[in-house]
Amino acid sequence: MYYRIKDELAECLQARLAEAFGITREQYRVQVQYPARLEFGDFGVSFPFELAKVLRRSPQQIAQQFLDGFRAPAYVRRIETAAGGYINLAVDRWLVFQDAVRALTAGRLWPEFEPDAGKTIVEHTNINPNKAAHIGHLRNAILGDSLVRLLRFNGKRVEVQNYIDNTGVQVADVVVGFRHLEQQGPAEVAAIEDRFDYVCWDLYARVAHFYEASEANARLRGEVLHQIEAGDNEVAELADLIATRIVNCHLDTMERLDIRYDVLPRESDILHLHFWDTAFGQLKARGAAELETAGPNAGCWVMRYQKDGQEDTKILVRSNGTVTYTGKDIAYQLWKIGQLDRDFHYEPFRAYDDGHTVWASRSTPADESDLQPPRFGGGDWVFNVIDVRQAYTQNVVFEGLRRLGYTDEAARSVHFAYEIVALSPRCAQELGFELSEEDRQRAHVEVSGRKGLGVKADDLLDRLEEKARREVDVRNPAMPPDQAARTARDIAVGALRYFMVRYSRKALIVFDFDDALNFDGETGPYLQYSAVRARNIGLKYREHFGQDEAATAAALDGLSALPAIELPDDVWELLTQALKLRDAARASLAGQELAAFAKYLYTLAQRFSNFYNKHHIIGEEDPVRRLVFLAVVHIYYQGMQRGLDILGIPIPERM
RNA sequence: GCGCCCGUAGCUCAGUUGGAUAGAGCGUCGGACUACGAAUCCGAAGGUCGCAGGUUCGAGCCCUGCCGGGCGCGCCA
């Protein structure tokens, strides 16, 4: 198989290196690359340059000596030196093609990766349950969900967690809003029929002004927060009602994007089950937590650690005995790596259409549920999808693990950091916000839930669907309305999901409706469109030649017995790009960069579009060429289908 | 003050972990539908990779300094 050729060649070259120069793989590891240009070949290496000094010979001489007596595998058609020291290899196109067609007809184009015995936990979304989700949350959830899909493709067993901070000040603020601005209690709030997350969005922004109005108002926040943490009172009941309703809204929003979860750990349960106590016990026993007796932090339990030769101190327990955010996070991370010695109880929170259940944590054993929860937590690898502003805190948490002796676990805990989504000043003004003179001069404005400044996730999805629907209706006047709606939805999802992963994690996205609503060029719809066309070719082909699927499959099967024909460059480039799917997925995961995989798929779609415009498959006179083209289109479609699935992008029937 | 990140075409971004002539999209200009669907394709213009040194056979990528921008560093969460 083609995906194995690169590895095989590396082995082969490595062996020859030992034979010709006595260089072991420990001394030098051969790295096979893809040459910059097609005419150079399909694979290339540059080790003659790198070994020139050690071997005391010119790169050219090394390359020559290496090649004299080198026995290349049978599929290597051409091997030569270039540009004073590169070694380029070109493979036999027809052999690779036949091999790929056999894999296609046998249904094993992308064999599964070795399943991984361990468990990988991915935590993402983590939206404060006090208002509607916005574009910043979309980047988190889409990045997180795409990572989950990529991990699964790479053979990992993944558990998806969505942490619910239901006892924080953000929820308290909305409770204050309902009680003191709206004069509403649990019964009235439960009866609200309007979009609950939107109601809270506006209310949350009003509470910020309410606090500014007087000291007494501002004090309400602390009082409410205290009552929420204490539990067992009407304020806590209201907070729970709000948080639960909002979580349901968030799950609905994410469901529109095919994003699902396995478990929702709730902060209130971390408190009630005293996760911190056992974590604190471990920290004290190890001497990682120390009680300060003097100085500004007197009375606090702190963690001291060395960072770049400088000592840093982080407070874990305040002098009033309460635990800081960092402290709670260490306890939670310990649970995730299976070293807390304490667990949640669980209850089903929601059942998805396909029967999958998302569970929520609870503090007490579930009464009489016939469903038994899976074992949650205890991951061998942990990915925390959190924006880059939390880098410092995440480092402190991992340092905490190391101080407790969990160095391997800390090494397998990843802060999957990404830059935030901000708004262009123009976009903020479009949304009806008055910007200060200072903000107007800036390149971007930060989204702010407190100010109510932001683009709501569902509003954006609605606008995408409306625009897609107009385009669908223009192109497909005869399409039934329900199919048109479905298609518009698929296009909206494709556009949004691709938009959020096409940027590298370190790139700050300055959001603008013009960019996000674009369906041309490097966008999700471009990829979807190319897949739809490829699928159509298969349909039209069978229709035109009066074949059923079995007959077409038989014809493709017979292809490997036919005499070789010359594969044109553009066909070859399309084929090899499609066959690099596994390589691209592996590299994307190794580099922890989803944008790399997105770019790979985009390039693949470009090659197909190019091929599509140049060659007419059904109109092709030569029956062998026609069949070869059809096979390549099939391979392309299979690759695109698999690739788009990794990005969570659906393929409409028509568009 | 300390730490992290960024600076590449008019705009938004890639750049396979140091490789060959720095690539896409948008925008601009000019072309291609009586053939599988033009949400497409082809062509053109557009670059001192922030600046200056250094390491290297080779630097957009590594090191040092400077300039410009963003973020983080709380007995908030």
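Within every chain, numbering begins at 1; the chains are lettered A, B, ... in the order of the sequence lines, protein sequences first and strands thereafter. Because the structure is a prediction, the values reported are computed rather than measured.
B:A24 is paired with B:U12 under the Watson-Crick or G-U wobble criterion, all donor-acceptor distances under 3.5 Å. Within the shown strands, nothing qualifies as a pairing partner of B:U55 under the Watson-Crick or G-U definition with both distances less than 3.5 Å. When both distances must be under 3.5 Å, the Watson-Crick or G-U wobble mate of B:C41 is B:G31.
Listed nucleotides B:U21, B:C41, B:A77 differ in distance to A:Arg37; the shortest reach to its side chain belongs to B:U21. Listed nucleotides: B:U40, B:C5, B:A20. Nearest to the side chain of A:Lys506: B:C5. Checking B:G19, B:G37, B:A24 against the side-chain heavy atoms of A:Gln606 singles out B:A24 as nearest. Taking the side chain of A:Tyr526 as heavy atoms from C-beta on, and the options B:A39, B:C41, B:G70, the nearest nucleotide is B:C41.
With hydrogens and angles ignored, a donor-acceptor pair under 3.5 angstrom links the side chain of A:Asn88 to the base of B:A20. Judged by distance alone, with hydrogens and angles left aside, A:Thr324 brings no side-chain donor or acceptor close enough to the base of B:C75 to form a pair under 3.5 Å. Between the side chain of A:Arg475 and the base of B:A39, a donor-acceptor pair under 3.5 Å is found. Judged by distance alone, with hydrogens and angles left aside, A:Arg533 brings no side-chain donor or acceptor close enough to the base of B:U40 to form a pair under 3.5 Å.
A:Asp173 and A:Tyr211 share a side-chain donor-acceptor pair at under 3.5 Å. A donor-acceptor pair shorter than 3.5 Å can be found between the side chains of A:Tyr392 and A:Asp312.
Contacts of A:Ile491 with the nucleic acid, taken as non-hydrogen atoms under 4.0 Å apart, include base atoms. Using a 4.0 Å heavy-atom criterion, one finds that A:Asn610 contacts the sugar-phosphate atoms exclusively. The residue A:Ser609 sits close only to the backbone: its heavy atoms come under 4.0 Å of sugar-phosphate atoms, none of a base. Among the heavy atoms of the strands, none lies under 4.0 Å from A:Pro59. Nucleic acid contact for A:Gly591: base, since at least one base atom lies under 4.0 Å from a heavy atom of the residue.
Between A:Gly168 and A:Gln33, the residue anchored closer to the 5' end of RNA chain B is A:Gln33, taking for each the nucleotide with the nearest heavy atom.
Look at the P atom in both B:G30 and B:G37: the space between them is 30 Å, to the nearest Å. For B:A9 and B:U48, the C1' atoms lie 13 Å apart once the distance is rounded to whole Å.
The distance between atom CD1 of A:Ile420 and atom P of B:C71, rounded to the nearest whole Å, is 7 Å.
Aromatic pair A:Tyr163/A:Tyr332: ring centres closer than 6.0 Å. Aromatic ring centres of A:Phe519 and A:Tyr529 lie farther apart than the 6.0 Å criterion allows.
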